[in-house]
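Below, all heavy atoms of this structure are taken into account, side chains as well, without hydrogens, waters or symmetry copies.
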Amino acid sequence: MKVTGLTPLWMLLSLLCGHLANAADHEDVVKHAIKLHRGKGAVITQRKQWVMESCRKLSGLLRQKNVVLNKLKSAIRAVEKDTGLSDEEKLFQVHTFEIFQKELNESENSVFQAIHGLQRALQGDYKDVVNMKESSRQRLEALREAAIKEEMEYVELLAAEKHQVEALKNMQHQNKSLSMLDEILEDVRKAADRLEEEIEEHAFDDNKSVRGVNFEAVLRVEEDEANSKRNASKREVEDDLGLSMLIDSQNNQYILTKPRDSTIPRADHHFIKDIVTIGMLSLPCGWLCTTIGLPTMFGYIICGVLLGPSGLNSIKSIVQVETLGEFGVFFTLFLVGLEFSPERLRKVWKISLQGPCYMTVLMIAFGLLWGHLLQIRPTQSVFISTCLSLSSTPLVSRFLAGTVRGDKEGDIDYSSVLLGMLVMQDVQLGLFIAVMPTLIQAGVSTHSSIFKEILRILMLIGQILFSLAAVFLICLVIKTYLIGPYYRKLHAESKGNKEILILGISAFIFLMLTITELLDVSMELGCFLAGALISSQGHMVTEEIMSCIEPIRDFLAIIFFASIGLHVFPTFVIYELTVLLFLTLSVVIMKFVLAVLVLSLILPKTSQYIKWIVSAGLAQVSEFSFVLGSRARRAGIISREVYLLILSVTTLSLLLAPALWKAAIMKCVPRPERRSST
């Protein structure tokens, strides 16, 4: 609130006199203040005299401030009427006067804010922690606003300085004739200024008054260098480029996403170093796992563990690494769909639809039973059970990569059933992400609103089913009318130039994941469907595209599995190894038994033998539980301890998965096919 004139003065005097009249009620506080400001043993008359002198000084300053404001207004009017000044000189002088006016008004406001703060403190109870917390919060907000205002004033001073430089240049240009080169450079300078004004986004000014925007205090950290002199010069450059790291009071770290000046190219050197480090360390870790007979993906996870927060803590751009790793999932599922033809999908669609649904329902039922016995909230039990019911599609895709899976006469291929059930689980993942806000509200809602929450969940399920129907209708249209001509055009344009083919296929993948994302279905399903649609063009097309996309998939998959290792904490696993092993074995055995039970009911009698292989492939926990767990922890559905347990159980189940898969392959697959499967 802007306060000027005599009214603030009388407000100030009345507040101070009110504090003086109530001195008997705050005798201890007053005595302590006198000891601090006037010395020990000061008498009451001296205290009164000190207060009155302070009031007189403050009233004199306020009167002087009003006089100065009137003079500034007169000076601004005089500058605007002065015809002897150029536009740049007028702009500079007026800008300077306005900044000084704002400084005077803000200083006055700070005085009255301090007095109101003192009044609140004296009226409060020093034993009331809640009241003191609220007062501290209000002071913190005031300091944040003051910091923002000071920052804005500093920016305005920089702009005024720029206007001053322009005015001096204009004066120099008027006093001397310019050469042709100077005139060209002057025109270029003006054009560059116009360009900066056109492309500059006033994001701070545009968003500071938006609802839900809060002011935060942050630390600006420069990268440490051994050579302090070199670091000092580098800091000056980075100060202009905005490449420093910001840390808020919650220990979240931020980096630059969009610079103020878009004309200067920038690169996030932290992210570059992280990718280079992961690439170099993944090679020996992958070699080590290959030597001891483990899949290379575990070497990449170990790489993430060594470089992550639980190891060397050398990865600075964790969010950026995880984001890049998501593309590894996209291309992995695309290649899965490329191998999983629509003919196979039609053959096992009933099993793929029924199996995951039955398993999820049984897992939730067991979760609610154990939650009731252990007195766990139903929302938390449902969330944990749903997380544990999901299985890892990228992991199983690696198990099935390069296998020769010919169907026996009248039998069903185990890989078709397994991949079909995993794709359905990806659909359930999208459904569960959509239902999570309802779970959050259900956790804090009363019993009277349970019926409304059930209706809301049913409406969300209906919306997801409608979205799935729309997705498959779009796929039918694309397969019938678009995919054939599109691929033939790509193939014709890419002769001798593979980059057109790679770009065209990548664009089609991104189109499909965008469609499924817009329809509130998981992006992973869109990638799988993109591969399935292209595979309908024949075996030769599949082989050509696979040879181009596989190297991209392999590199991005390394980043993805390394990003999983960033969330693995070996110290926690070691401390709670007994409990975690018991929980992991219980989850793996339960999923295996439930899968065998469900498949025994829905598989044909001639294909019952594949239930052991499919159950072994499903007997682990999906890496997407990391994503679901982090969202649930932020939303308050689960506690920190439960979140760490989910992460650890997921990691251990993924480590046990290769052994269980090999055992099932050795038992159920004939020897010629076994060699290709392992």
Side-chain angles (χ1 to χ4, degrees), residues 322-346 349 352-353 356 390-397 416 418-436 460-461 463-484 486-487 490 501-537 541-542 545-546 548-550 552-553 556-557 559-560 622-624 627-628 631:
E322 292 175 347
T323 304
L324 182 61
E326 285 299 309
F327 286 90
V329 178
F330 296 156
F331 281 95
T332 297
L333 291 176
F334 169 74
L335 291 181
V336 170
L338 204 61
E339 294 181 343
F340 189 51
S341 63
E343 288 73 18
R344 289 184 176 180
L345 185 61
R346 283 195 297 267
W349 73 271
S352 302
L353 181 64
L390 301 175
S391 302
S392 175
T393 303
L395 177 64
V396 177
S397 302
S416 301
L418 187 53
L419 290 176
M421 294 181 69
L422 290 171
V423 170
M424 190 59 203
Q425 286 189 353
D426 290 335
V427 175
Q428 290 179 348
L429 174 66
L431 174 63
F432 189 57
I433 291 176
V435 175
M436 274 191 70
L460 284 172
I461 293 175
Q463 180 183 352
I464 293 295
L465 293 177
F466 175 79
S467 299
L468 288 174
V471 167
F472 286 109
L473 180 62
I474 292 172
C475 290
L476 182 61
V477 173
I478 292 175
K479 179 179 181 297
T480 306
Y481 300 104
L482 300 178
I483 191 64
Y486 178 73
Y487 177 76
L490 279 180
L501 180 61
I502 295 174
L503 183 60
I505 297 301
S506 301
F508 182 66
I509 297 171
F510 299 151
L511 173 65
M512 290 301 299
L513 70 87
T514 303
I515 291 174
T516 54
E517 175 70 11
L518 291 176
L519 291 173
D520 293 328
V521 188
S522 66
M523 292 186 290
E524 291 77 15
L525 178 62
C527 299
F528 176 84
L529 292 175
L533 287 172
I534 292 179
S535 69
S536 64
Q537 300 302 303
V541 174
T542 301
I545 293 177
M546 191 173 296
C548 296
I549 300 297
E550 272 188 340
I552 302 174
R553 188 277 312 271
L556 294 174
I559 306 298
F560 170 71
S622 172
E623 66 282 345
F624 286 108
V627 180
L628 294 175
R631 292 188 182 185

Closest contact, heavy atoms only, Leu519 versus Ser467: O-OG, 2.7 Å
Test ring pair (Phe, Tyr, Trp, His ring centres under 6.0 Å) applied to Tyr487 - qualifying residues, sequence neighbours left out: His491
Pairwise side-chain contact, Phe330 with Phe560, heavy-atom cut-off 4.5 Å (strictly under): no
Measure centre to centre between the rings of Phe334 and Phe331, then say whether the value is under 6.0 Å. no
Distance-minimising heavy-atom pair for Ile502 and Cys548: CG1-CB, 3.8 Å
To the nearest 0.5 Å, how far apart are CG in Leu529 and CD1 in Ile534? 11.5 Å
Would you please classify the geometry between the Tyr486 ring and the Phe508 ring as parallel, tilted or perpendicular, with 30° and 60° separating the classes? tilted
For residues Ser352 and Ser416, report the shortest heavy-atom separation together with the two atoms involved. OG-O, 4.5 Å
Just by modelled atom types, is the Ser391 backbone N or O under 3.5 Å from a matching donor or acceptor in the Gln425 side chain? yes
Hey, what do you get for CD1 (Ile515) to CE (Met523), rounding to the nearest 0.5 Å? 14.0 Å
Separation between CG of Leu511 and OG1 of Thr516, rounded to the nearest 0.5 Å: 9.5 Å
Return the set of residues passing side chain to side chain donor-acceptor pair (under 3.5 Å) with Ser622 (not counting sequence neighbours), or none when no residue passes. none
Which heavy-atom pair separates Met512 from Gly526 by the least distance, and what is that distance? CB-O, 3.3 Å
Return the CZ to CG distance between Phe528 and Leu338, rounded to the nearest 0.5 Å. 10.5 Å
Gap between atom CD1 of Ile483 and atom OG of Ser535 - 0.5 Å precision: 9.5 Å
Are Val396 and Ser392 side-chain neighbours, meaning at least one heavy-atom pair lies under 4.5 Å? no
Glu326 CD to Leu556 CG distance, which is reported to the nearest 0.5 Å: 11.0 Å
Heavy-atom pair with the smallest gap, counting every atom of Ile509 and Cys527: CG2-SG, 4.0 Å
